[in-house]
Amino acid sequence: MKILLSGTASDSHTWNLVYLRLFLEEHGHEVVGLGPCVDAELLAAACLRHAPDAVVLSSVNGHGYRDGLDAVRALRARPALAALPVVLGGKLGVVGRRQDEEVRRLLDAGCDAVLGDDLDALRAFLAAGARREVPA
């Protein structure tokens, strides 16, 4: 599976992206890495250019909810990307715990899964063909 891996717009952390890239490659996936601080428009353009099978977005700094909404809305607004599987993982907010309302809004906006930092759930999501077959 070809996966486009990206940090969210306001997330400048790179170590998590290196770790995720290695994890994904070790599980047999081809990874196109965009790096940190990727805004929604750049993400959409990269998806159109690289034609991935799925998008994995990572947030460490606690703004994954806001940035994730922007990203998935930009993807869903383009007909060619409307069905592209998108998973968001990491820290969604600065509260320090998962907010069910934020997860619901991300799913309603078009995220296929919101997984926190559970790599087993990411592996299962991708093994299931990157569709909402894995509980968030």
Side-chain angles (χ1 to χ4, degrees):
M1 178 179 287
K2 184 177 185 180
I3 298 174
L4 193 140
L5 173 63
S6 176
T8 57
S10 66
D11 200 320
S12 63
H13 293 86
T14 57
W15 62 264
N16 61 310
L17 296 172
V18 171
Y19 178 77
L20 281 170
R21 180 183 198 117
L22 292 171
F23 173 83
L24 293 167
E25 288 174 343
E26 287 173 1
H27 286 86
H29 301 289
E30 175 187 351
V31 178
V32 174
L34 296 185
C37 297
V38 176
D39 68 34
E41 293 306 312
L42 179 59
L43 177 67
C47 287
L48 291 169
R49 182 173 54 253
H50 295 287
D53 299 307
V55 173
V56 174
L57 296 173
S58 175
S59 175
V60 174
N61 71 357
H63 300 288
Y65 169 69
R66 183 192 68 211
D67 291 346
L69 276 178
D70 290 344
V72 77
R73 286 174 176 158
L75 296 176
R76 298 304 179 236
R78 290 161 173 81
L81 304 175
L84 178 64
V86 177
V87 60
L88 173 63
K91 192 173 178 187
L92 295 182
V94 295
V95 174
R97 65 187 188 305
R98 185 176 170 105
Q99 300 290 314
D100 291 337
E101 183 64 22
E102 290 177 349
V103 172
R104 186 191 60 72
R105 286 187 185 137
L106 286 162
L107 293 171
D108 289 347
C111 278
D112 293 280
V114 180
L115 302 177
D117 60 5
D118 184 352
L119 290 179
D120 288 332
L122 176 59
R123 181 180 17 247
F125 175 78
L126 295 171
R131 294 289 175 205
R132 289 187 191 195
E133 298 171 24
V134 176

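The list of ring-ring contact (aromatic ring centres under 6.0 Å, His included) pairs with a residue in residues 46-89, not counting sequence neighbours, is empty. Sorted by first and then second residue, the side-chain hydrogen bond (donor to acceptor under 3.5 Å, both in side chains) pairs involving residues 26-37 (not counting sequence neighbours) are H27-R123. Residue pairs meeting the salt bridge (Lys or Arg N to Asp or Glu O under 4.0 Å) criterion with at least one member in residues 57-77, sequence neighbours excluded, are R76-D112. Pairs engaging residues 81-90 under the side-chain hydrogen bond (donor to acceptor under 3.5 Å, both in side chains) rule: none recorded [sequence neighbours left out].
L42 approaches D39 most closely through the heavy-atom pair N-OD1, 2.8 Å. L5 approaches R21 most closely through the heavy-atom pair CD2-N, 3.6 Å. Counting all heavy atoms, side chain and backbone alike, T14 lies closest to P36 at CG2-CG, 3.6 Å.
Residues that satisfy the side chain to side chain contact (heavy atoms under 4.5 Å, CB included) test with S59, not counting sequence neighbours, are T8, D11, N61.
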Requested in this report: Kindly indicate, with the supporting measurements, whether the criterion side chain to side chain contact (heavy atoms under 4.5 Å, CB included) is fulfilled by L126 and D53.
Outcome: CA-CA 10 Å; L126 295 171; D53 299 307; over 6 Å; no

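Proximity of S6 to V55: side-chain heavy atoms (C-beta onward) are nowhere separated by under 4.5 Å.
In the hydrophobic clustering of this structure, I3 groups with Y19; members are Ile, Leu, Val, Met, Phe, Trp, Tyr whose side-chain heavy atoms approach within less than 4.5 Å, directly or through other members. Taking hydrophobic clusters as Ile, Leu, Val, Met, Phe, Trp and Tyr residues chained together by side-chain heavy-atom distances below 4.5 Å, F125 shares a cluster with F23.
With respect to E101 and R104, a salt bridge is recorded, a charged nitrogen being found less than 4.0 Å from a carboxylate O.
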Using distance only, find each side-chain donor-acceptor pair of residues 77-90 under 3.5 Å and give its atom names and separation, not counting sequence neighbours.
{"unit_1": "R78", "atom_1": "NH1", "unit_2": "A74", "atom_2": "O", "d": "2.6"}
{"unit_1": "R78", "atom_1": "NH2", "unit_2": "E41", "atom_2": "OE1", "d": "2.5"}

